Protein chains: 2
Amino acid sequence: MDASSPAPTRRSDVARHREMLIAAATEEFTRNPEASMGDIARAAELTRATVYRHFANREALEAAIRSDALDRASGALADCRLDDGTAVEVLGRVIRALSAQAMSLRFMVLQAPDSDPEFLARRAQVLSPLADVVRRGQREGLLDDRLSPEWIVTTMASLLVAAVRAAPSPDVEVAELVHRTLMFGVAKPAGD
Amino acid sequence: MDASSPAPTRRSDVARHREMLIAAATEEFTRNPEASMGDIARAAELTRATVYRHFANREALEAAIRSDALDRASGALADCRLDDGTAVEVLGRVIRALSAQAMSLRFMVLQAPDSDPEFLARRAQVLSPLADVVRRGQREGLLDDRLSPEWIVTTMASLLVAAVRAAPSPDVEVAELVHRTLMFGVAKPAGD
DNA sequence: CCGAAACGAGACATACGTGTCTCATTTTGA
DNA sequence: TCAAAATGAGACACGTATGTCTCGTTTCGG
């Protein structure tokens, strides 16, 4: 890859169009898994032929958006300083960061349990640091240790998806609402 | 509808097959919205021709399972004595009753917000008594009145679907777990 | 037991999505 | 400005699901 490939300088719009296609496909497939390649193209304001120039076939496009969603979630978690502060504070940052990736989060969480095994494995790998944070919180005495860490992570993801579905705009108040509900539930606080 | 229809006594297996088809379709479509009519037929241990004898087309089948899911949810709520006891006790009964209708519940909750408007309207109508129960609980001082009743209902439904997805068998412990998590969240209880 | 109704099996036309291809046009980067 | 690359438009063959139909067989109900 030196003299044989003289100048692989790619045009700027190629990367932009690819991102537009992945974003549109993530949104369309989340809303309607039966969406056709033509639907995706139209949602991205491109044509069907161009979609096939970026992705060999439908399976390749689906693999790309799965990978993109995992990358976004992984990147969001990487910016959360998972070891700084109490586990409760960390969960607050995680909820804010993930709610900013609403579409990818919904797509990632709602994937069927019988879909691509590689995706499921990578998702478990991406989410495992969260379970570690929860375990730390249980050791710190801040999180209920009668609940399994996996259930707590599932609860957080479910609330996040539900909230983001109701208010798709990345809102700080939404993140705060999810955090409060996750931590304390819907019962009336005792001393208040 | 008297002399013109002499004896509309339908055979017993017709109703049974219809129920098998609706049950199979609910499960298949929930797991894979792209499932074909042939997939549904095979899941119900019938043939494609028979499916079309029961339902004129795919749209009719989909409408039937939407209606069936709403009927099941409505029936489950009707057995919950929504006005007896505290709102917290009612929510416990509701969670138990709905978790027994796992498949229909998942199908009902996960329907896209841009699907059939009639379905969405009926769903809102079926769920509205739950919001009333929540409001009563807020007046009783048992539920947090800083949270909107709609969000509390959404939270309950989301947790229910998440739990039922992880453990599809109608388990009493699952219902108890959902109830506890809904009410008190995942934080460590204070005096314990 | 017997007739009517429902079913299984399978052929059939049709509609639609997929993936490939060509050619004219637009856009990027040097 | 200009050549190369990317796109738009649309034709094309192909595979698959849909919906309808027929005919022989099974099953329910009186």
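Throughout, a chain's letter reflects where its sequence line sits, starting with A, and its residues are numbered from 1. Note that the structure is predicted; figures quoted are calculated from it, not measured.
Listed nucleotides: C/dA11, C/dT20, C/dG17. Nearest to the side chain of A/Ser36: C/dG17. Proximity note for B/His54 (side chain, C-beta onward) versus D/dA6, C/dC7, D/dT18: the nearest is C/dC7. Considering only side-chain atoms of A/Thr50, the nucleotide from D/dA6, C/dG19, D/dG8 that sits closest is D/dG8. Out of D/dA6, D/dG8, C/dG19, the shortest distance to the side chain of A/Asn57 is found at C/dG19. Of all nucleotides listed (C/dA6, C/dC7, D/dT7), C/dC7 comes nearest to the side chain of B/His17. Candidate nucleotides D/dA17, D/dC28, D/dA9 were compared by shortest atom distance to the side chain of A/Ala49, and D/dA9 ranks first.
Note: OH (A/Tyr52) to C1' (D/dC12) measures 14 Å, nearest angstrom. Taking atom CZ on A/Arg42 and atom C1' on D/dA9, their separation rounds to 16 Å, with Å as the unit. Remark: C1' of D/dT7 and CD of A/Glu45 are 14 Å apart, rounded to the nearest angstrom. With rounding to whole Å, B/Phe55 atom CZ is found 15 Å from C/dA6 atom C1'. Distance CZ (B/Arg58) to P (C/dC16): 14 Å, rounded to an integer number of Å. Spacing between atom CG of B/Asp39 and atom P of D/dT16 amounts to 13 Å, rounded to whole angstrom units. One can place CG of B/Asp13 at 12 Å from C1' of C/dA4, the figure rounded to the nearest angstrom. Per the geometry, CG belonging to B/Leu46 stands 13 Å off P belonging to D/dT27, to the nearest Å.
Within the 4.0 angstrom heavy-atom criterion, base atoms lie near A/Arg53.
Distance check, rounded to the nearest 0.5 Å: CD of B/Gln138 to CZ of B/Arg146 gives 11.0 Å.
Looking at A/Arg122 and A/Asp71, a side-chain N of the basic residue comes within less than 4.0 Å of a carboxylate O on the acidic one, giving a salt bridge. The pair A/Arg16-A/Asp13 does not count as a salt bridge, with every side-chain nitrogen at least 4.0 angstrom from each carboxylate oxygen. Ion pairing of B/Arg66 with B/Glu59 is present here, as a side-chain N (NZ or NE/NH1/NH2) and a carboxylate O approach within less than 4.0 Å.
Linking ILVMFWY side-chain heavy atoms closer than 4.5 Å, directly or via other members, places B/Ile95 and B/Val164 in two distinct hydrophobic clusters.
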